[in-house]
Amino acid sequence: MKVTFAARRPEGQYALAIPVRGEDMLADRLTGLDEAGRTLAARAADAQRFEREAATIAETFITEGDTARRLLLIGLGGKRDDEALYERVGGALTGRLLTSGETKLVIDVSGLDFDGEAAARLAYGAAARGWRYDIYRTKLGKKAKPTLEEIVVVGGGDGADAAWEHKAAVLAGLSFTRELVTEPANIIYPETFVERARAQLEGLGVEIEVLDEEAMAALGMNSLLGVSLGSVRPARLLAMRWNGGGDAKPVVFVGKGVTFDTGGISIKPALGMESMKWDMGGAGAVAGAMKALATRKAKANVVGICGLVENMPDGKAQRPGDVVTSMSGQTIEVINTDAEGRLVLCDAMTWAQRQYKPEIMIDLATLTGAMIISLGFEYGGLFSNDDGLAGKLADAGMKSGDKVWRMPLGDAYDKLMDSPIADMKNSGPREGGSITAATFLQRFVEEGVKWAHLDIAGMVWANKAGHLFDKGATGYGVALLDRFIADNFEG
Ligand code: BES
Ligand code: MN
Ligand code: ZN
């Protein structure tokens, strides 16, 4: 999607969108139209019961010169403290127009008090909602093909271009994440995930290091490797390092990259199993965040680490009851081979801490179905051993629109993971399943490290279109991590 900012409305064919706040006089917002246009717009607002609720639309056609122009009045609601509002409004416009036949959208915010940042947010939402991945659709009908190609935001005040540069970088990261998440597991598996990360990131100056199975075995990553035993696709550990912040200690992100999760020998039911192609959404978000940070040359040091494996049942697969020794030296009884994400993450986390000595480590994972039972599809679950870090992530969540909600940790949960034969088991009781999964991971957090775990099982994929995404991959986490770095490490 082409995005530009302008002081005045252009000539020619386009659909025109006019945002309206709850308290605005509609007439004030329509001063750019002629008398007949104002009458039609006001009538459309009335007839369609347009009450300016956030991201709602009233649509009509007006004549301007010798063209009939599609006009969209779009509500901004009544609240001004809703931080990701403008993204949603932009997204709603694209949602309406993407396959409408219109090729160009002009959003006229003249007369509203939009600064450059707000204008860029509007454009970001509009562009994010336009992302599609149609490479496997060879028979897409004409009417199903997207037509919208260009967005112009008019009247947005100074600084829009600079603000857009940042947003465009986030958008590039978001698109990369969505692509990784959307691709099926016969296309994206550990080796090809690494290839795509290289292709996207090396040119931007991101240093890439990859550990193969031999290297991981030498380091004692038997927990991660155990998950991979049933698969013919060899596992990989991918480290992506962005050095934009001098000699500051890096912030480390760790992503769960299970490129397909059958459950292994504790096999999942057939119904819906195809969705487990996106069990690498945590790794996808980390790779996309690295792309965003490197694209905009963030003034921070960040390392993204992805534990990449495929979890398959096989004669060589690990069994329930097996005991593995993790890289940390702690032993794990594998009660359920479908609780594999934590087995992958624990070794990736240990390696990350030994290798980079971070003060802050944040992992992202589609870790538990129980997370969806708790929070549905609105918030990612946030677990942390540090209130300050948790607060910063919650704040970045509100600002970016990738919302997180804090969940508890504690000894009572932790002891549910004790095993009679090993240091811990990988699966506890059904109740509080996301929390015990988090306490499992916490056992691998080293002294002094501020750690947060984001269980994003409900956020990676959407069964229906949202404000910023169509059905499918959401790209959740990229904007969150970017905001978290921008607000706390680039000052
Ligand atoms: N990848 C799944 C979690 C998941 C399930 C994410 C559904 C998104 C939608 C994870 O590996 C898993 O299977 N977790 C088990 C853990 C259990 C066996 C302790 C779960 O949630 O059922
Ligand atoms: Mn699983
Ligand atoms: Zn999984």
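Position 1 is the first residue of the sequence; numbering continues from there. When a ligand or atom number is given, it counts from 1 through the structure's own listing order.
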Nearest neighbour in protein (non-hydrogen) for atom 7 (C) of ligand 1: Met276 CE, 3.8 Å
Exceeds 12 heavy-atom contacts within 6.0 angstrom, atom CZ of Arg354: yes
Atoms of ligand 1, numbered as shown, that sit under 4.0 Å from any heavy atom of Trp278: 8 (C), 9 (C)
Carboxylate-amine/guanidinium proximity below 4.0 Å for Lys392 and Asp386: no
Identity and separation of the nearest protein heavy atom to atom 11 (O) of ligand 1: Glu340 OE1, 2.8 Å
Side chain Ser231, main chain Ser228, donor-acceptor under 3.5 Å: no
Numbering as shown, the atoms of ligand 1 that approach Ile372 to under 4.0 Å (heavy-atom distance): 9 (C)
Asp261 atom (N/O/S) at minimal separation from the Zn ion (ligand 3): OD2
Check ion pair Lys256-Asp363 (N to O, under 4.0 angstrom): no
Charged N-O contact under 4.0 Å between Arg233 and Glu191: no
Nearest neighbour in protein (non-hydrogen) for atom 10 (C) of ligand 1: Leu367 O, 3.3 Å
Residue Asp279, metal the Zn ion (ligand 3), N/O/S under 2.8 Å: yes
Region of Met280 that comes within reach of ligand 1 [heavy atoms, distance under 4.0 Å]: neither
Ligand-residue contact atoms, ligand 1 with Gly369, heavy atoms, under 4.0 Å: 3 (C), 4 (C), 5 (C), 20 (C), 21 (O)
Flag: protein heavy atom within less than 4.0 Å of atom 21 (O) of ligand 1: yes
N or O pair under 3.5 Å between Asn336 and ligand 1: no
Region of Met371 engaging ligand 1 - heavy atom pairs below 4.0 Å: neither
For the Mn ion (ligand 2): the N/O/S atom of Asp261 at shortest distance: OD2
Residue pair Glu378 / Lys403, side-chain heavy-atom distance below 4.5 Å: yes
Closest approach of any protein heavy atom to atom 17 (C) of ligand 1, naming residue and atom: Ala339 CB, 4.3 Å
Residue and atom name of the nearest protein heavy atom (relative to atom 16 (C) of ligand 1), distance in Å to one decimal: Arg342 NH2, 3.8 Å
Charged N-O contact under 4.0 Å between Asp482 and Arg296: yes
Salt bridge present between Asp134 and Arg137 (N-O < 4.0 angstrom): yes
Top protein contact for atom 2 (C) of ligand 1, by heavy-atom distance: Asp261 OD2, 3.6 Å
Atom indices of ligand 1, in the order listed, that fall short of 4.0 Å to a heavy atom of Asp279: 1 (N), 11 (O)
Test item: Asn243 side-chain N/O and Gly205 main-chain N/O as donor-acceptor pair under 3.5 Å: no
SB check Lys399 Asp487 (cutoff 4.0 Å): yes
Backbone N/O of Asp470 and side chain of Arg132: donor-acceptor pair under 3.5 Å: no
N/O separation below 3.5 Å, Lys268 to ligand 1: yes
Pairing of Glu87 and Arg129 as salt bridge, 4.0 angstrom limit: no
Heavy-atom nearest neighbour in the protein, as seen from atom 6 (C) of ligand 1, with distance rounded to 0.1 Å: Ala457 CB, 3.7 Å
For Thr366, atoms of ligand 1 separated by under 4.0 Å from a heavy atom: 1 (N), 2 (C), 3 (C), 6 (C)
Reported NZ-to-CH2 distance for the pair Lys277 and Trp461, which is rounded to 0.5 angstrom: 4.0 Å
Proximity flag Trp461 to ligand 1, non-hydrogen atoms under 4.0 Å: no
Heavy atom of the protein closest to atom 15 (C) of ligand 1 (residue, atom name, distance): Asp338 O, 4.0 Å
The Mn ion (ligand 2) to nearest N/O/S of Asp279 less than 2.8 Å: no
Nearest heavy atoms of Ala17 and Leu105, plus distance in Å: CB-CD1, 3.9 Å
Leu468 versus Arg178, closest heavy-atom pair with distance: O-NH2, 2.8 Å
Vertex the Mn ion (ligand 2), rays to OD1 in Asp338 and OE1 in Glu340 - rounded to 10°: 120°
The Zn ion (ligand 3) - closest N/O/S atom in Glu340: OE2
The Zn ion (ligand 3) to nearest N/O/S of Gly341 less than 2.8 Å: no
